[in-house]
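For clarity, every value in this text was computed on a predicted model and none was experimentally measured. Values reported hereafter were calculated over all heavy atoms of this structure, with side chains retained and with hydrogens, waters and symmetry mates removed.
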Amino acid sequence: MSTASGALEAIDRILNRGGDADDVLRQVVEVGHRLYPYAAIAFVETGELVVGPEAGEAPARIEAFPISFQSSPVAELRVGGAPVDRAFLERVATIISAYCLVGWDTAGEPWTELRERG
């Protein structure tokens, strides 16, 4: 899958299967990583953005797409390392918004360590 339409179909399948929000969002990030060298979701926690699931190395320039739920910012979708398809990424940010309402308290541990144990 190397096209936005194929990625969107894959994300739709992930969302239709449902499951735990953390698993769903990890899978969505992995699909994004197939199109972009870097993909991540950062969550709003106490007024700041905290990176949650991510794939790839963060480049110097990252594009961020806000994720809102009922007009409140809850997270942002981040990609980097390749030209962005704004329409695709804005659509993804919209359809994953309900999954971004979870508490992502990692108790001070980096997300990658939790993911590796997970």
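Across all non-hydrogen atoms, the minimal contact from Gly81 to Pro59 is N-CG, 3.7 Å.
In this structure the side chain of Val29 never reaches within 4.5 angstrom of the side chain of Leu77, judged on heavy atoms. No side-chain heavy atom of His33 sits less than 4.5 Å from a side-chain heavy atom of Glu54. The shortest side-chain heavy-atom distance between Val92 and Ile11 falls under the 4.5 Å cut-off. Residues Phe88 and Leu8 meet the side-chain proximity criterion, which asks for heavy atoms closer than 4.5 Å. You'll find the side chain of Phe43 stays beyond 4.5 Å of the side chain of Val51, heavy atoms only. Contact check for Asp12 versus Ile95: side-chain heavy atoms found under the 4.5 Å cut-off.
Residues meeting the side chain to side chain contact (heavy atoms under 4.5 Å, CB included) test with Val74, sequence neighbours left out: Ile67, Phe69, Cys100, Leu101. By the side-chain hydrogen bond (donor to acceptor under 3.5 Å, both in side chains) test, Ser5 is found to be paired with Thr3, residues two or more places apart in sequence or in another chain being considered. In terms of the side-chain hydrogen bond (donor to acceptor under 3.5 Å, both in side chains) criterion, Arg86 has no residue partners (sequence neighbours excluded). A search for side chain to side chain contact (heavy atoms under 4.5 Å, CB included) contacts involving Pro37 returns Ala82, not counting sequence neighbours.
Contacts classified as salt bridge (charged side-chain N to carboxylate O under 4.0 Å, His left out) and involving residues 69-78 (residues at least two apart or in different chains) are given here: Glu76-Arg78. Sorted by first and then second residue, the side-chain hydrogen bond (donor to acceptor under 3.5 Å, both in side chains) pairs involving residues 56-65 (not counting sequence neighbours) are Arg61-Glu63. Applying the salt bridge (charged side-chain N to carboxylate O under 4.0 Å, His left out) definition to pairs two or more places apart or across chains, none involves residues 88-97.
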Please test Val84 against Tyr36 for side chain to side chain contact (heavy atoms under 4.5 Å, CB included), starting from the C-alpha separation and ending with a verdict. CA-CA 8 Å; Val84 297; Tyr36 298 96; 4.2 Å; yes

Residues Val79, Tyr38; criterion side chain to side chain contact (heavy atoms under 4.5 Å, CB included); working and verdict: CA-CA 5 Å; Val79 297; Tyr38 176 75; 5.8 Å; no

Could you walk me through whether Ile41 and Ile96 pass the side chain to side chain contact (heavy atoms under 4.5 Å, CB included) test, one step at a time? CA-CA 10 Å; Ile41 297 173; Ile96 66 171; 3.8 Å; yes

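Val44 and Leu25 are not part of a single hydrophobic cluster, where members link through side-chain heavy atoms under 4.5 Å apart. Leu49 and Tyr99 are assigned to two separate hydrophobic clusters, defined by single-linkage of ILVMFWY side chains at heavy-atom distances under 4.5 Å.
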